Amino acid sequence: LIVLQSIASSVLRSASPKRQLCQGKTWALPLAFLHVSKLAGCSNPRNRLSAASFFATAGIGLVGGGTAATMCSNDSQSAHDISSKRKSIDEPTKTPRHNSSLPFPEESLRHDTYSGVTLDVSKLPGALLATIDPDTFKSLLSQALEIWQIEDRRGIWIRIPTSYSHLISPATTLGFDFQHAEPGYCVLTKWLPADTPSRLPNGPTHQVGIGALVIHPLTGKMLAVQERTGPAAARKLWKMPTGLTDPGEDIATAAVRELKEETGLDCVFDKIICFRQSHGGLFNRSDMFFICLCKLAPKYEEVLKNGGEIEISPQEEEILCADWMDLEDYAHQSVWRESPLYKEMNGAMIRAARSGITFSSVHQEGNDDERESHGFVAKNLPVGIRPGSNTIYVSSKL
């Protein structure tokens, strides 16, 4: 044991600067003992893990000196902090006890309720990130996979920032594949159970778009635009202001934002009239498109009462022109007439407009069934089981 402790101490000194132990960083310690267990002739991964754990327990006092208590305290506090800051329903209420044999610190890992683990490369120790190369990362990841396999982990996720894209190749050689990518990072996954097909979800499958229907409260005409570029511009098509939601943006918020950006008008979201799902779009993604009825802000009411006009300011980069247009003229454009789908969509818009459009500040009088159109209104409510709120869209008639 004394000989093995001496070997472990030498490996540790070569694998990590001494200051890492002084700062309570434990990522290099299990790596050292894994190397020792290999030198001791433990070829089986399960035996090697057991040996490493034994050597670590027996030798930590000699190798780590007085920092052992500090390291244990830091690990415990880290687990407590992660558990107390739980923000996602798929995060376990109690973080699993950190396996000290793992070559990655707990701060870089996130556990989920599906027996999965996510490694965030950006949260690895700075000293390791400063010098890590593909071969080193492959070695560390391979050791971690052996341990996770023994622990019966299932889905393994790796989040790799663009600045460390050189670590993608070693991950793919170990069986990882792309799940999705965004500006600044990509995510790779690997399903560990060999006896069951992967249960990991696909990457993002849908994009969400909105079309904003605004009706002039006096003339009953709808707000329409012509775009400078794109398929609608090629057909000289008049269309409602449209756009895609931003990440983390509600449909209702996106409708108001797009209206402001494309026409300069301030509006208030009223309800979703209808929505359409299509497939085979950009990068073979599906598309959810929501027609949102929006009402003009109260400030325009005084303008119209004084004989003024509502000033439209088309977005110079994207919008060629914007104007108020009869709904029937809009619906009878040749492109719309040729499409059963858009005939149905435009019909829903016309029915909503005929229900009586006013300013957002005006409450409509009379029988609700006669005056109010069907649709889905937005309610932003606390989630309750975790921090934050979600927007639910419910029928206006329920």
Side-chain angles (χ1 to χ4, degrees), residues 23-31 49 71-129 132 136-165 167-168 170-172 174-193 198-204 247-248 383 385-388 390:
Q23 294 172 352
K25 305 296 185 182
T26 63
W27 60 270
L29 191 61
L31 176 59
L49 176 59
M71 289 187 288
C72 293
S73 173
N74 286 349
D75 288 345
S76 174
Q77 182 65 36
S78 173
H80 172 74
D81 289 346
I82 293 175
S83 178
S84 63
K85 294 178 181 178
R86 181 181 180 225
K87 294 184 178 180
S88 175
I89 196 169
D90 69 334
E91 294 181 24
T93 53
K94 185 177 181 181
T95 303
R97 183 184 181 90
H98 181 62
N99 190 329
S100 59
S101 298
L102 281 168
F104 301 119
E106 183 65 21
E107 292 77 13
S108 65
L109 305 175
R110 187 177 74 85
H111 304 272
D112 59 50
T113 55
Y114 302 97
S115 296
V117 181
T118 298
L119 167 63
D120 189 339
V121 170
S122 67
K123 294 182 180 179
L124 291 175
L128 177 59
L129 285 176
I132 195 166
T136 301
F137 184 67
K138 183 178 180 179
S139 176
L140 296 175
L141 184 57
S142 179
Q143 293 166 30
L145 287 173
E146 288 183 1
I147 295 171
W148 287 327
Q149 190 89 49
I150 294 170
E151 293 179 340
D152 292 325
R153 301 296 180 186
R154 294 163 68 82
I156 308 300
W157 307 66
I158 306 179
R159 187 180 188 276
I160 302 180
T162 304
S163 54
Y164 294 97
S165 58
L167 303 181
I168 294 175
T172 60
L174 292 175
F176 283 83
D177 206 344
F178 292 99
Q179 203 267 354
H180 74 276
E182 299 287 346
Y185 73 93
C186 73
V187 172
L188 295 88
T189 60
K190 178 180 174 67
W191 180 254
L192 292 186
S198 175
R199 298 285 192 272
L200 294 175
N202 294 320
V383 176
I385 59 175
R386 59 177 173 82
N390 285 176

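Keep in mind the model is a prediction, meaning the values are calculated, not measured. What you see below is based on every heavy atom in this structure, not just the backbone, and it leaves out hydrogens, waters and symmetry mates.
- When all heavy atoms of Thr189 and Trp157 are compared, the closest pair comes out as CG2-CE3, 3.3 Å.
- When all heavy atoms of Pro103 and Leu140 are compared, the pair lying nearest together is CG-O, 3.2 Å.
- Separating the CD1 atom in Ile132 from the NZ atom in Lys138 is a distance of 14.0 Å, to the nearest 0.5 Å.
- In this structure, Phe176 CZ and Leu119 CG are separated by 8.0 Å, a value rounded to the nearest 0.5 Å.
- Leu109 contributes atom CG, which lies 9.0 Å from atom OG1 of Thr118 (distance to the nearest 0.5 angstrom).
- Legend: residues meeting side chain to side chain donor-acceptor pair (under 3.5 Å) with Arg153, ordered by chain and number and at least two apart, are Glu151.
- The nearest pair of heavy atoms linking Leu124 to Pro105 is CD2-CD, 4.1 Å.
- Of the possible donor and acceptor atoms, one in the side chain of Gln179 sits under 3.5 Å from a partner among the backbone N and O of Asn202.
- Counting heavy atoms from C-beta outward, Val121 and Ser108 have side chains that stay 4.5 Å or more apart.
- What you find for Cys186 and Phe178 is that their closest heavy atoms are SG-CE2, 4.1 Å.
- Considering every non-hydrogen atom in both Thr172 and Leu188, the closest pair reads CG2-CD2, 3.8 Å.
- Using a 4.5 Å heavy-atom threshold, the side chains of Leu141 and Leu167 count as separate.
- Here CZ of Phe104 is found 10.5 Å from NE2 of His98. Values are rounded to the nearest 0.5 Å.
- Side-chain atoms of Ser139 never come within 3.5 Å of backbone atoms of Thr136 as a donor-acceptor pair (strictly under, hydrogens ignored).
- Here the closest heavy-atom approach between residue Ile156 and residue Trp148 is recorded as CG2-CZ3, 3.7 Å.
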- Candidate pair Ile158 and Ile168, rule side chain to side chain contact (heavy atoms under 4.5 Å, CB included), full reasoning: CA-CA 9 Å; Ile158 306 179; Ile168 294 175; over 6 Å; no
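- Here the side chains of Leu174 and Ser142 are in contact, with some heavy-atom distance below 4.5 Å.
- Between Leu192 and Arg154, every side-chain heavy-atom pair lies at or beyond the 4.5 Å cut-off.
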